[in-house]
There are 2 protein chains.
Amino acid sequence: MNERISRAERRRQTEARILAAARQNFAEVGYDRTTIRAVAAAAHVDPALVMQYFGSKEALFRQAVHVPADEALPTDPEKLTELLLSIIGVKLGEPSTASLPLLRSMFTHPEATAQMRASLARQLEQFAAARPGDDAELRASLIVSILLGVTITRNLIELDQLRDATPDQITNLLRPCFQALTNNRA
Amino acid sequence: MNERISRAERRRQTEARILAAARQNFAEVGYDRTTIRAVAAAAHVDPALVMQYFGSKEALFRQAVHVPADEALPTDPEKLTELLLSIIGVKLGEPSTASLPLLRSMFTHPEATAQMRASLARQLEQFAAARPGDDAELRASLIVSILLGVTITRNLIELDQLRDATPDQITNLLRPCFQALTNNRA
DNA sequence: GTCTATAAGCAGATAGAC
DNA sequence: GTCTATCTGCTTATAGAC
């Protein structure tokens, strides 16, 4: 009664702190090089507690890379290009901490690869549905490839010229690309 | 004298077989999940022999990801777009076994990240030199990002729609993108 | 020269003390 | 409920037998 915060609330906070530390570690060095011990140290808890809460390293990773799911894409064809640019705009603007853990391990962790492929396939379907026609899916796959490539080169590889550019500069240069790919007749 | 192949020749062949096995392993599961034991088994040699020949796992990886260096890029601006398309055309055509080991580990192995960044920077400089002008380097960085993104989505993520497409289909759809990015005045 | 045996270290996971 | 101590397994790397 005289406790300001309940036991359950305290536990919830500790769990959130562990999850945040795990996300950062997975984002920085990937699944294999992240250790339960390092996550625990970063969250100021005992390593055994991490296991107690999450069960296994795999389960912790699954929680860390889980993202709520994409919001539905408006299917207005006219503004699709601008929508794409705004998507990449915000993605480039934010530190993208939400997707970094998955991106970092997507080539070396089988489950991460599968999840990324599924995520790209979902986006692709939305784009293709918004612009039906010949080659719609292939065009859409190129769009998601470009979005992925730019994100990777900027945030993971950290190529100087791309890292130093503003989102506006990038979106302006990419506009003709997306315009070309959203037109059915080239 | 009656030996058809010399001792040195035999050793050279064994070393080549180990290196080929290492390339395949690194390409498939990345640096961390590749073990000396697995490489040795694939090459039908003793694990200790791998260490004897290459010194360490790091050294083996360095040899495996080493590529001769890119051929110089002709600086003819008129045909640059077609050149880009032919580059990605052959890259998409070949299994790309040469670059896969580096691509697979570029997010999780620090040295691989640095080497990929250096490689992209070199390509970028060549593109920028071929089309000087405003934003030349940023445009070039987007070009290499697109090339990287398409290669990744097709060969590492193996997105169905991109995996099933022919190099010609892909290059045809990408042509307007590269045309737009190689023009200085949009 | 090649391989057996083993050293040395670090990981995830677990059992039990407090 | 939380943490100490430990178990088990796997890795790279090495020393020495053959």
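Note on naming: letters A, B, ... go to the chains in the order of the sequence lines (proteins, then strands), and numbering restarts at 1 for each one. Here the structure is a predicted model, which means the values were calculated and not measured.
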ask   = So, do A:F127 and A:V144 sit near enough that their side-chain heavy atoms are less than 4.5 Å apart?
value = yes
ask   = How about A:Y31 and A:E111: does a side-chain donor come under 3.5 Å of a side-chain acceptor?
value = no
Closest non-hydrogen atom pair, A:L124 against A:A140 = O-CB, 3.5 Å
inquiry  = Reading DNA chain C from 5' to 3', where do the contacts with chain A start and stop? Cut-off is 4.0 Å to heavy atoms.
reply    = C:dA11 to C:dA13
Sub-4.0 Å heavy-atom contacts from residues 36-50 of chain A onto DNA chain C, ordered by number = A:I36, A:R37
request  = Please check if any side-chain donor atom of A:E58 sits under 3.5 Å from a side-chain acceptor atom of A:H109, or the reverse.
outcome  = yes
key: Sugar-phosphate only, base, or nothing, as touched by A:Y53 at under 4.0 Å among non-hydrogen atoms   = sugar-phosphate
request  = Determine, using the 4.5 Å side-chain heavy-atom cutoff (strictly less than), whether B:V29 and A:F61 are members of one ILVMFWY cluster.
outcome  = no
inquiry  = Tell me whether B:R12 is salt-bridged to B:E9, with the criterion being a basic N under 4.0 Å from an acidic carboxylate O.
reply    = yes
ask   = Should B:R11 and B:E15 count as an ion pair when the cut-off is N to O under 4.0 Å?
value = yes
task = Grab the CZ-P distance between A:R33 and D:dT11 for me, whole Å please.
result = 16 Å
request  = Assign B:T14 to base, sugar-phosphate, or nothing according to its heavy-atom contacts below 4.0 angstrom with the strands shown.
outcome  = nothing
task = Inspect the contact between A:E82 and A:R175 and indicate whether a charged nitrogen and a carboxylate oxygen are less than 4.0 angstrom apart.
result = yes
request  = Taking only heavy atoms on the protein side, list every residue of residues 105-114 of chain B lying under 4.0 Å from any atom of DNA chain C, sorted numerically.
outcome  = none
